[in-house]
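Please read the structure below before turning to the comments.
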Amino acid sequence: MELGFRWYGTEDSITLNHIRQIPNLKQIVSAIYNVPVGEIWPLEEIQRLETAVKKKSLAFEVIESVPVHEEIKLGGQKKDYWISNFQETLKNLGKCGIKTVCYNFMPVFDWTRTNLSFQHQDGSNSLSFSWEQLPEVNSLDSLPSLPGWDLSYQQEELHELFRRYQEVDEEKLWENLSYFLKKIIPAAKEAGIKMAIHPDDPPFSIFGLPRIITDDKAYKRLFDIDSSVENGITFCTGSLAANSKNDIYKMLDSYLKLGKVHFMHARNIQLHENGDFEETAHASNYGSIDMVRVIELLKKHQFTGCIRPDHGRMIFGETGRPGYGLYDRALGASYIYGIWETLNK
Ligand code: CS2
Ligand code: MN
């Protein structure tokens, strides 16, 4: 297992100089952010990122994420064009020594929360989800304004997307994912890259939009599409645990055994009986996830991939990108490494 840290590039208020001071931190997880979704990531841009990271004696092996163009998820007419762009991006990433590419297949919105600064008793704050606060979408005329996504879409654009997704149910989305993977996995193989799909966050349908990477049954189906090692996953503890029916330890155990886990996200959440949850400190006693059990499984299967602290709280008065402050993620990283070291004594 190697500790990684997500970095949003030179636009990130957190610098590589700070990140490299986290004990035992070995890898930077990043992406090219200035290329529009679906366009090919130019080789020179990736090389520039690679150089910046390596100059700080950190490894650059995991990309999070290469976004999948909405036309691909919709199965639209131009999907082949966008898929071939994705293949080209993989080629360029392979040339820069990238081994793992995280992506997701969630329609319209990636992670969905109702509050970006839920107040904890100790004065820290974090992202949270509450059913009561989730806007209802009864018609296309009342589309949701969601924290974190308000500025991502123009109203008309959102409207058009929702309209088109009316034709895409879960079954259709599976078909579109399968179509995508059949073309992408061979390209990944050729580039020496393993694909790692991130689970839907949270793992259930929202606003009537289909979500499919949600539970054990879904993973079986995903692996059936292509059993090769390149068709793998990002195991995100906090995303999957937001459905109380998911036995994340059993799931992780079996996917590690299959060799399908290429990237780990360690995130803790406090899940409530009504399905609401808030993100917490990484330590097991702060949330619903037993982090020791998670790391024990990584040890059991001799996981050699990258693990990164996923969202952290905002602490010590820090402000900035919700979930992605420096301090709590650094604490999380150290906590995770502490468990690992103990297990390896
Ligand atoms: C991440 C996801 O910040 C987060 O919630 O875990 O955004 C993740 O990076 C993407 O869904 C992966 O494609
Ligand atoms: Mn995650």
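Bear in mind the structure is a predicted one, so any value in this text is a computation, not a measurement. Start at 1 and go down the list; that is how both ligands and their atoms are numbered.
- Each protein N/O/S atom under 2.8 Å from the Mn ion (ligand 2) was counted, for a total of 4.
- Using a 4.0 Å cut-off between charged side-chain N and carboxylate O, Arg113 and Asp201 make a salt bridge.
- In this structure, a donor-acceptor pair under 3.5 Å is absent between the side chains of Tyr335 and Asn268.
- Side-chain atoms of Arg267 and His282 form no donor-acceptor pair, as typed in the model, at a separation below 3.5 Å.
- Arg211 and Thr112 form a side-chain donor-acceptor contact under 3.5 Å, judged by distance and modelled atom types alone.
- There is a side-chain donor-acceptor pair under 3.5 Å between Asp216 and Tyr255.
- Protein residues are said to neighbour a ligand when one of their heavy atoms lies under 4.0 Å from it; for ligand 1 these are Arg6, Glu64, Ser65, Cys102, Tyr103, Asn104, Met106, Asp110, Trp111, His198, Asp201, His265, Arg267, Arg308, Asp310, His311, Tyr324.
- Both Ile46 and Trp7 are members of a single hydrophobic cluster when ILVMFWY side chains are connected at heavy-atom separations under 4.5 Å.
- In the model, Ser126 has no side-chain atom that pairs as donor or acceptor with a side-chain atom of Arg313 under 3.5 Å.
- Every residue two or more places apart in sequence or in another chain was checked for a salt bridge (charged side-chain N to carboxylate O under 4.0 Å, His left out) with Glu2, and none qualifies.
- Scored by the ring pair (Phe, Tyr, Trp, His ring centres under 6.0 Å) test, Tyr324 finds Tyr8, His311 as partners (sequence neighbours excluded).
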